[in-house]
Participant: 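Following this message is one structure expressed as structure tokens.
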Amino acid sequence: MTQKESELRQYDWTFQGANSREGVHSIHPYPAKFIPQIPHQLIEIYADSKSDVVFDPFCGSGTALVEAMKKGHSSIGVDVHPLACLISRVKTRPLPDDFGNRAREIITSVRNRYPGDVEPPDLPNIDHWFKKPIQQALTLIIDELEQVENQPTKEALQVALSSIIVRVSNQDSNTRYAAVEKDVTAEDVLQKFSQASSKIESAFKKNSEWRRNSATCDVLNENILEVEPSDIPQKVDLVITSPPYPNAYEYWLYHKYRMYWLGLADPTEVKENEIGARPHYQGSNPRDETDFEERMVSLFDLLRDITTEDATASFVVGRSVIQGEEVDNGKLLERAADAAGFYTADSASRSIPSNTKSFNPGYSKIKDEKILTFKKL
DNA sequence: GAGTTCTTATTCCGTCCATG
DNA sequence: CATGGACGGAATAAGAACTC
């Protein structure tokens, strides 16, 4: 890499003061979301034409996919997490016209039916995580959701419901898995569901025009390490992603009851395939950072096959801690890229503004991230 | 309506403790 | 006694609710 030509370092990546929770990005909580400005800026830098295809192998709730579409690029996202894919699908297609009315009908109907005669589902430890009235309200909403025939409408309503599940449960917060007393009623469930639906409606009203462009978006619910090149429908020009970190957030855990309620894949199966899930780094035979590196090598092997010759692959990574030892994920990624025939074309570091709520440096040990761009040799 | 308090959401790990 | 589910500490800031 020629130091003087670093393009990435010409930009301020902190995006201090930028409102990152605007529009469709805010319809569902998801830990460690991209700030939309990051993929936006990367596309600005690396896309040569509108026909360039953007790929995110760890798409999560779809921030990079949305930003690609806003700029008129088609995109492809992959994630093992079925909830991530659900949210990504909903964000990247138009909101069905009947969404708002459907939401209101469901709320009215549940209010009339409550407490109803439907038994709550037999979820593991359900009484520990949900008060009885909450279970009842959620059961009725799910029952109503099952009557919705139009799949895009149903999925958008599922996102609305999913977005409130942690708030009405006893789970402390999205990323703190402990039961606390919260004082939520069945009526609160309906109110929050109503608010969540309205939020989705207004988010989509603000963002109507970019959905009319010809950009497409494919979301694959797959383990990226098992994806074959032929599974990816188009050649990729830009890879933009933030990979999971070893021993870090556990998406399967924080979203466990969302998945149970919505009848998505078994969370414990998702755990097995989730790169970076903490149980893999503990116990008698723990993984270490070399395992993560190997997985990243197989990711780069895939990327080599599905990208165009002059494609760029940009990663945003921070550091993590495994059993008290600090791990530089950027270094691991560079080694993995190198092993798979990529070189580091550019890099920059990004300090996390101390006034952000999403990354609270006072308590999070991550104080900065790296932005790395790789190209094929 | 500006200024103040209250409430709620957030957190990219280490460790405890239940259960088999 | 290993496994994996559950828990904790508490600063910070955005948004809501209240006050004058």
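Numbers restart at 1 for each chain; the letters A, B, ... are given by sequence-line order, proteins then strands.
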Participant: Tell me yes or no: between the side chains of A:Ser314 and A:Tyr46, is some donor less than 3.5 Å from an acceptor?
Facilitator: no
Participant: Taking CD from A:Glu274 and P from C:dG5, how many angstroms apart are they, rounded to a whole number?
Facilitator: 13 Å
Participant: Per the atom types in the model, does the base of B:dG14 pair as donor or acceptor with the side chain of A:Arg278 at under 3.5 Å?
Facilitator: yes
Participant: Which residue, A:Glu144, A:Glu105, A:Glu187, forms the salt bridge (Lys or Arg N to Asp or Glu O under 4.0 Å) with A:Arg111?
Facilitator: A:Glu187
Participant: Given the rule that a pair is Watson-Crick or G-U wobble with both distances under 3.5 Å, how would you write DNA chain B in dot-bracket, using | for pairs to a different strand?
Facilitator: |||||||||||.|||||.||
Participant: If I take atom CD1 in residue A:Ile165 and atom P in nucleotide B:dA9, what distance separates them, rounded to the nearest angstrom?
Facilitator: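 Computing the A:Ile165:CD1 to B:dA9:P distance gives 15 Å.
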Participant: Could you work out the separation of C:dA6 and B:dG20 based on their P atoms and round it to a whole Å?
Facilitator: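 13 Å, rounded to whole Å.
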Participant: In whole Å, what separates the C1' atom of C:dT12 from that of B:dG14?
Facilitator: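 Here C:dT12 and B:dG14 have their C1' atoms 22 Å from each other.
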Participant: Fit a plane to each ring of A:Tyr30 and A:Tyr251, take the angle between them on a 0 to 90° scale, and name the class: parallel (under 30°), tilted (30 to 60°) or perpendicular (over 60°).
Facilitator: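 Rings of A:Tyr30 and A:Tyr251: parallel, under 30°.
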Participant: Under the ring pair (Phe, Tyr, Trp, His ring centres under 6.0 Å) rule, collect the residues that match up with A:Phe99, sequence neighbours excluded.
Facilitator: none
Participant: Between atom NZ in A:Lys192 and atom P in C:dA16, what is the gap in whole Å?
Facilitator: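 My rounded result for the distance is 12 Å.
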Participant: Using a 4.0 Å heavy-atom cut-off across all strands, classify A:Lys271 as base, sugar-phosphate, or nothing.
Facilitator: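 Sugar-phosphate, backbone atoms only, no base.
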Participant: Can you measure A:Tyr254 atom OH to B:dT11 atom P for me and round it to whole angstrom units?
Facilitator: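 Nearest whole value for this atom pair: 9 Å.
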Participant: Rounded off to whole Å, could you give me the CD-to-P distance for the A:Gln195 and B:dT8 pair?
Facilitator: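 Distance check: A:Gln195 CD to B:dT8 P gives 12 Å.
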Participant: Taking only the C1' atom of each, what is the distance from C:dA13 to B:dC13 in whole angstrom?
Facilitator: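 Per the computed distance, 22 Å lies between those C1' atoms.
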Participant: Any sub-3.5 Å donor-acceptor pair from A:Ser242's side-chain atoms to A:Val316's backbone N or O?
Facilitator: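 Side chain of A:Ser242 to backbone of A:Val316: a pair is present.
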Participant: Who else is in A:Val219's hydrophobic cluster (ILVMFWY, side-chain heavy atoms under 4.5 Å, direct or via others)?
Facilitator: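 Other cluster members: A:Leu65.
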Participant: Could you please name the option among C:dA6, C:dC7, B:dT10 that lies closest to any side-chain atom of A:Tyr177?
Facilitator: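 The listed nucleotide nearest to A:Tyr177's side chain is C:dA6.
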Participant: Pick base, sugar-phosphate or nothing for A:Tyr251, based on heavy-atom distances below 4.0 Å to the nucleic acid.
Facilitator: base
Participant: Choose from C:dC7, C:dG5, B:dT10 the nucleotide whose nearest atom is closest to any side-chain atom of A:Thr268.
Facilitator: C:dG5
Participant: State which of C:dG5, B:dT10, C:dG8 makes the closest approach to the side chain of A:Lys256.
Facilitator: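 So the nucleotide nearest the side chain must be C:dG5.
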Participant: Is the phosphate of C:dA6 approached by A:Trp129 (side-chain N or O, under 4.0 Å from OP1 or OP2)?
Facilitator: yes
Participant: Angle between ring planes, A:Phe374 versus A:Phe300, binned at 30° and 60°: parallel, tilted or perpendicular?
Facilitator: perpendicular
Participant: Using whole Å, report how far CG of A:Leu253 lies from C1' of B:dT15.
Facilitator: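 Those two atoms, CG and C1', are 15 Å apart.
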Participant: For C:dC7, does OP1 or OP2 lie under 4.0 Å from any side-chain N or O of A:His128?
Facilitator: yes
Participant: Can you measure A:Glu181 atom CD to C:dC7 atom P for me and round it to whole angstrom units?
Facilitator: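 After rounding, the gap between these two atoms is 13 Å.
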Participant: To the nearest Å, give me how far apart CD (A:Gln171) and P (B:dA9) are.
Facilitator: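 Value for this atom pair: 12 Å.
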Participant: Under 3.5 Å, is there a donor-acceptor pair linking the side chains of A:Asn174 and A:Arg258?
Facilitator: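 Distance-only check passes for A:Asn174 and A:Arg258.
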Participant: Could you check which of C:dC7, B:dA9, B:dT10 has an atom nearest any side-chain atom of A:Arg167?
Facilitator: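 From the listed options, B:dA9 comes nearest.
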Participant: Both A:Asn125 and A:Asp172 contact DNA chain C. Taking the nearest nucleotide for each, which residue is further toward the 5' end?
Facilitator: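 Nearest nucleotide further toward 5': that of A:Asn125.
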